[in-house]
Amino acid sequence: MARQPYDGVVVATPVTVPYRRYSTNTAHWWVGRAVREVVQKAGLKSTDIDGLSLSSFTVGPDTAIGLTQHLGLSPRWLDHVPLGGASGVVALRRAARAVQCGDAEFVVCVAGDTNQVDSFRRMLSTFSRFAQDAVYPYGSGGPNASFALITRNYMKHYGATREDFGKICVAQRDNALTFPHALMKKKLTLDEYLGARAISDPIHLFDCVMPCAGAEAFLVCRDDVARSLGLKAARLLATIERHNAFPQDPIQYRGGWALDVDEFYAMAGVAADDVDFVQTYDDYPVICMMQIEDLGFCGKGEGPDFVRSHTLTTDGTFPHNTSGGQLSVGQAGAAGGFLGLVEAVRQLTGEPLGTPVPEAKVGLVSGFGMITYDRGLASGAALLAGGHA
Amino acid sequence: MTKPLTRPKRKDPLKKTRVPLLPQGVRSRTALGLTAAAAEGRFQLQVCADCAAVVYPPRDACPRCLSPRLPFKDVDNRGTLLAETTIRTSTDVYFRERMPWRIGTVVLDAGPSVVAHLHGDLREGQRTQLQLKLDKSGQAIAIALPAEDTPNMQDDPQWRELTCDPKFRRVLITDGRTAVGQALAEALSEAGASIVFVGVADPWKPFPGEDKLKKLERVEIVALDLTDTISVNECAGEFAPRVDILINTAEHVRTGGIIERKGLTVAREELEVRYFGLTRLAQAFGPVLRARGADGVNSAAAFVNLLSVYALANWPANGAFSATEAACLSAAQSLRAELRPGGVKVVNVFFGPLETEWYQAVPPPKVAPSALARATVRALQQGVEDVFVGDIAEDIRARLAVSPKALERELGS
């Protein structure tokens with residue numbers, strides 16, 4: 001059966017609660033602030049919210065249900081999306097169907113995490129059963145070590161160099177310099193990138209995101225409803241989602257996007273060439289390169305050449321991670337999976353907080369997450385367009 | 001190529017002894033199957049009983065056919081190192097003080113990819129053999145070794161964290177009057193121990209083998225009577241801070257079951273030498289061993305129990321003896337948990353009847369003391385926790401694995 005289009009579904013009120021390196025507040029506080037801001041921006045009352053989707057690593061022992069009582073919401077549609085970097089896309093595509101089918105009118109999708117001085121270490125050691133049994137006891141290098149192995153293998157096979165990865169990181173930092181919420185506020189040069197200390201070879205300091213506290217949120221509703229509220233919104237053209245793709249690959253060099261990319265563009269009725277900017281999940285630049293390949297901007301293994309032949313800043317030939325991405329803004333846990341999506345909505349509705357992408361009409365947002373053993377399992381992507389239908 | 005270890009310098013007595021830390025030792029119940037294999041030095045992974053898929057990390061459903069039947073089986077341990085990284089920053093305190101630390105992705109010929117510790121002589125792209133070992137937490141980890149042996153490979157720092165290699169370590173053998181004690185002294189001297197203290201009760205009384213024992217290099221006779229608490233405490237007071245490996249060689253072999261022996265005299269003697277002897281050693285030496293688990297090249301490493309294999313299943317012809325050995329085994333299990341915070345291994349060496357006077361009437365196959373000594377040294381070098389030495393011990397282990405009840409009837413007939 002052909003997939004039904006997302007006709008009439010829009011995303012509005014992009015919200016970022018400014019990040020902090022460490023926070024003494026709980027995840028509930030961060031989530032609560034984000035939801036409040038969505039409600040206020042949309043001109044709603046919290047009793048109008050009849051759908052809630054939550055993503056958080058640090059809200060335990062609660063899940064989404066505990067948050068309904070905590071925040072005083074009585075939704076008729078509730079979702080919990082524990083998918084890390086894929087949370088934003090997955091939350092959106094589920095919420096879109098709920099809104100489209102009338103199961104809910106206003107779905108707030110929110111991701112928020114706190115970061116206390118010891119919470120990152122504690123999360124790593126118990127991240128998954130496979131991590132506990134088969135990763136953490138091996139040097140406890142966390143995702144740095146896991147992605148170092150993936151990066152090393154990719155470099156060896158496809159000839160990517162540290163300079164290529166550096167170009168991605170440096171361009172994102174340039175983008176971040178105009179984005180008010182970025183934790184990294186200083187320009188990064190390629191020399192600084194190359195000269196940074198090694199963390200887990202070939203991963204060096206500026207390949208790594210900085211764990212922090214923060215929250216991101218957006219509202220999913222029908223186009224006509226958004227218009228009646230006077231909300232600027234972005235239309236949802238297509239989404240894909242895939243988990244544990246290519247389990248036979250001995251080491252990860254591609255993600256689930258590669259399985260579904262044709263259907264993705266077909267559903268949207270656009271081609272990769274039509275995309276005006278791309279927000280990839282940038283928890284390590286090698287993953288950005290894989291997404292550029294697997295989402296059809298170039299062939300497998302051509303990522304390094306693609307990066308070399310483009311400028312990746314917001315005003316460049318391939319505007320990429322226009323707010324600076326997690327590499328420059330910080331990784332607020334599951335909110336890292338919302339960062340690109342929230343930024344995309346801002347760009348498409350003409351309300352970027354930093355530099356606007358010139359004439360941005362179509363944006364692509366990609367998500368990737370949950371390295372429970374040796375590879376990221378969750379992947380997803382969404383195509384969004386500006387303007388009402 | 002591995003840099004050979006150098007003999008550690010005499011320790012500065014004013015220097016703080018490094019507190020032993022452990023890598024994370026939490027595992028799922030299923031993953032403990034790897035620990036069981038590592039304890040015996042086997043390489044086992046789950047193999048699906050329905051579709052034969054080799055599965056890693058440990059699971060409770062086959063990722064190929066969803067079968068719940070996933071027993072651990074011996075598997076080909078060869079593979080290729082696809083990618084490696086040198087970790088320089090860790091969130092874990094144990095690894096932080098051991099940085100840099102190399103790990104890599106090994107794809108096994110048998111199928112799965114395994115993230116493993118790397119031996120220093122292994123390089124990316126090379127063929128490798130994977131082994132399961134027990135880390136300082138006592139749980140299984142995988143380490144990838146060069147496909148062929150390399151010079152001084154046993155001195156590699158990441159490998160040495162996993163073993164109790166006697167090289168440059170100081171050993172106490174608790175009873176040098178026994179043939180096994182003497183064979184061990186020789187074997188450990190050859191294995192490069194810095195010094196081998198050999199305990200002898202009433203050292204002024206001569207004993208067979210004494211001259212040869214005293215001529216061994218780096219062997220020192222010390223007064224130690226395991227049946228005397230004061231003697232054990234005095235020995236510990238003098239030598240415990242310099243004992244990295246303790247090997248209890250005390251033996252007390254007498255025939256007969258429970259009923260045939262009149263009174264408790266022999267039973268008490270047995271317990272005095274074996275169970276209470278072990279208890280005295282543990283109480284006197286255990287705390288120091290546990291505190292010195294991370295004390296450099298010659299850190300405290302192992303408490304070794306030589307146990308009759310009849311500790312595992314009573315042999316009624318030597319029924320009272322077997323019961324005492326079982327008591328020692330049970331105590332050893334407790335010791336394992338008690339010494340684990342120091343990263344000190346409790347090694348149980350199970351052996352069948354020995355080629356010694358006390359087993360005179362027992363038919364072969366029997367184990368020569370030198371063979372038992374060699375197996376013990378190998379266990380230390382390999383970091384194995386449970387060792388079965390000789391045909392009888394292997395046989396009992398195998399039969400026990402199939403049917404403990406059948407074995408009980410067979411041993412009693």
Side-chain angles (χ1 to χ4, degrees), chain A residues 117-157 196-205 207-208 211 244 246-253 284 286 371-375, chain B residues 22-35 56-60 63-64 79-96 98-108 111-118 124-125 135-137 139-144 158:
Chain A
V117 284
D118 197 34
S119 50
F120 189 64
R121 185 186 65 81
R122 278 183 282 124
M123 185 176 81
L124 290 184
S125 59
T126 54
F127 190 72
S128 67
R129 183 170 131 179
F130 288 172
Q132 170 201 286
D133 285 352
V135 184
Y136 196 73
Y138 294 85
S140 308
N144 293 330
S146 300
F147 282 98
L149 295 169
I150 291 170
T151 304
R152 178 72 200 120
N153 181 68
Y154 184 92
M155 290 170 82
K156 204 169 54 172
H157 274 273
R197 69 188 166 96
I199 301 294
S200 187
D201 316 44
I203 299 281
H204 290 62
L205 185 64
D207 294 309
C208 307
N244 192 30
F246 313 115
Q248 300 308 323
D249 290 350
I251 189 165
Q252 185 161 41
Y253 65 93
Y284 305 97
V286 70
I371 181 157
T372 66
Y373 172 47
D374 62 339
R375 63 196 68 201
Chain B
L22 306 182
Q24 173 174 278
V26 182
R27 297 289 191 278
S28 68
R29 189 158 211 278
T30 307
L32 293 178
L34 299 172
T35 297
Y56 185 86
R59 288 170 166 86
D60 297 311
R64 192 195 284 169
T80 305
L81 178 60
L82 281 190
E84 66 166 83
T85 183
T86 303
I87 303 174
R88 297 166 195 280
T89 304
S90 175
T91 55
D92 184 273
V93 282
Y94 170 85
F95 286 108
R96 264 179 79 97
R98 286 163 179 79
M99 295 281 114
W101 192 269
R102 289 171 71 236
I103 66 167
T105 302
V106 171
V107 60
L108 286 171
S113 293
V114 177
V115 173
H117 298 295
L118 302 184
E124 195 171 80
D135 68 12
K136 293 279 187 199
S137 77
Q139 300 292 22
I141 52 78
I143 180 165
Q158 287 191 210

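What you see below is based on every heavy atom in this structure, not just the backbone, and it leaves out hydrogens, waters and symmetry mates. A note on names: the letters A, B, ... follow the listed sequences, proteins ahead of strands, and every chain is numbered from 1.
Note: B/Asp60 leads B/Leu34, B/Asp60, B/Val107, B/Leu32 in heavy-atom pairs under 4.5 Å with chain A. Contact tally against chain A (heavy-atom pairs below 4.5 Å) for B/Leu108, B/Val114, B/Val106, B/Thr105: the top residue is B/Thr105. Between chain B and the residues A/Asp374, A/Ile199, A/Asn153, A/Asn144, the most heavy-atom pairs under 4.5 angstrom are made by A/Ile199. Contact count versus chain A (heavy atoms, under 4.5 Å) is highest, among B/Glu124, B/Arg96, B/Gln158, B/Glu84, for B/Glu124. When the candidates A/Gly141, A/Gly139, A/Ala148 are compared by the number of heavy-atom contacts under 4.5 Å with chain B, A/Gly139 comes out ahead. In terms of heavy-atom pairs under 4.5 Å with chain B, the best-connected choice from A/Ile203, A/Thr151, A/Asn244, A/Asp133 is A/Asp133. Among B/Ala83, B/Ser28, B/Gly104, B/Ser90, the residue with the largest count of heavy-atom pairs under 4.5 Å with chain A is B/Ser28.
There is a side-chain donor-acceptor pair under 3.5 Å between A/Ser200 and B/Thr85. The closest side-chain donor-acceptor pair between A/Tyr284 and A/Ser146, if any, does not fall under 3.5 angstrom. Between B/Ser137 and B/Asp135, the side chains place a donor N or O and an acceptor N or O closer than 3.5 Å (distance only, hydrogens not considered).
Of all heavy-atom pairs between B/Val26 and A/Gln132, the closest is O-CG, 3.4 Å.
A/Phe127 meets the ring pair (Phe, Tyr, Trp, His ring centres under 6.0 Å) test with A/Phe57; sequence neighbours excluded. B/Phe95 meets the ring pair (Phe, Tyr, Trp, His ring centres under 6.0 Å) test with B/Trp101; sequence neighbours excluded.
No part of B/Gln139 comes within reach of chain A, as not one of its non-hydrogen atoms sits under 4.5 angstrom from that chain. Contact of A/Tyr373 with chain B is made through the side chain alone, with heavy-atom distances under 4.5 Å. If you measure heavy-atom distances from A/Asp201 to chain B, the contacts under 4.5 Å come from both the backbone and the side chain. When heavy atoms are compared at a cutoff of 4.5 Å, B/Val115 approaches chain A by way of both its backbone and its side chain. Of the atoms belonging to B/Arg59, heavy atoms from both backbone and side chain fall under 4.5 Å from chain A.
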Chi angles and distances behind the side-chain contact (heavy atoms from CB on, under 4.5 Å) call for B/Thr89, A/Arg197 = CA-CA 10 Å; B/Thr89 304; A/Arg197 69 188 166 96; 3.6 Å; yes
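A/Arg375 places none of its side-chain heavy atoms less than 4.5 Å from the side chain of A/Ile251.
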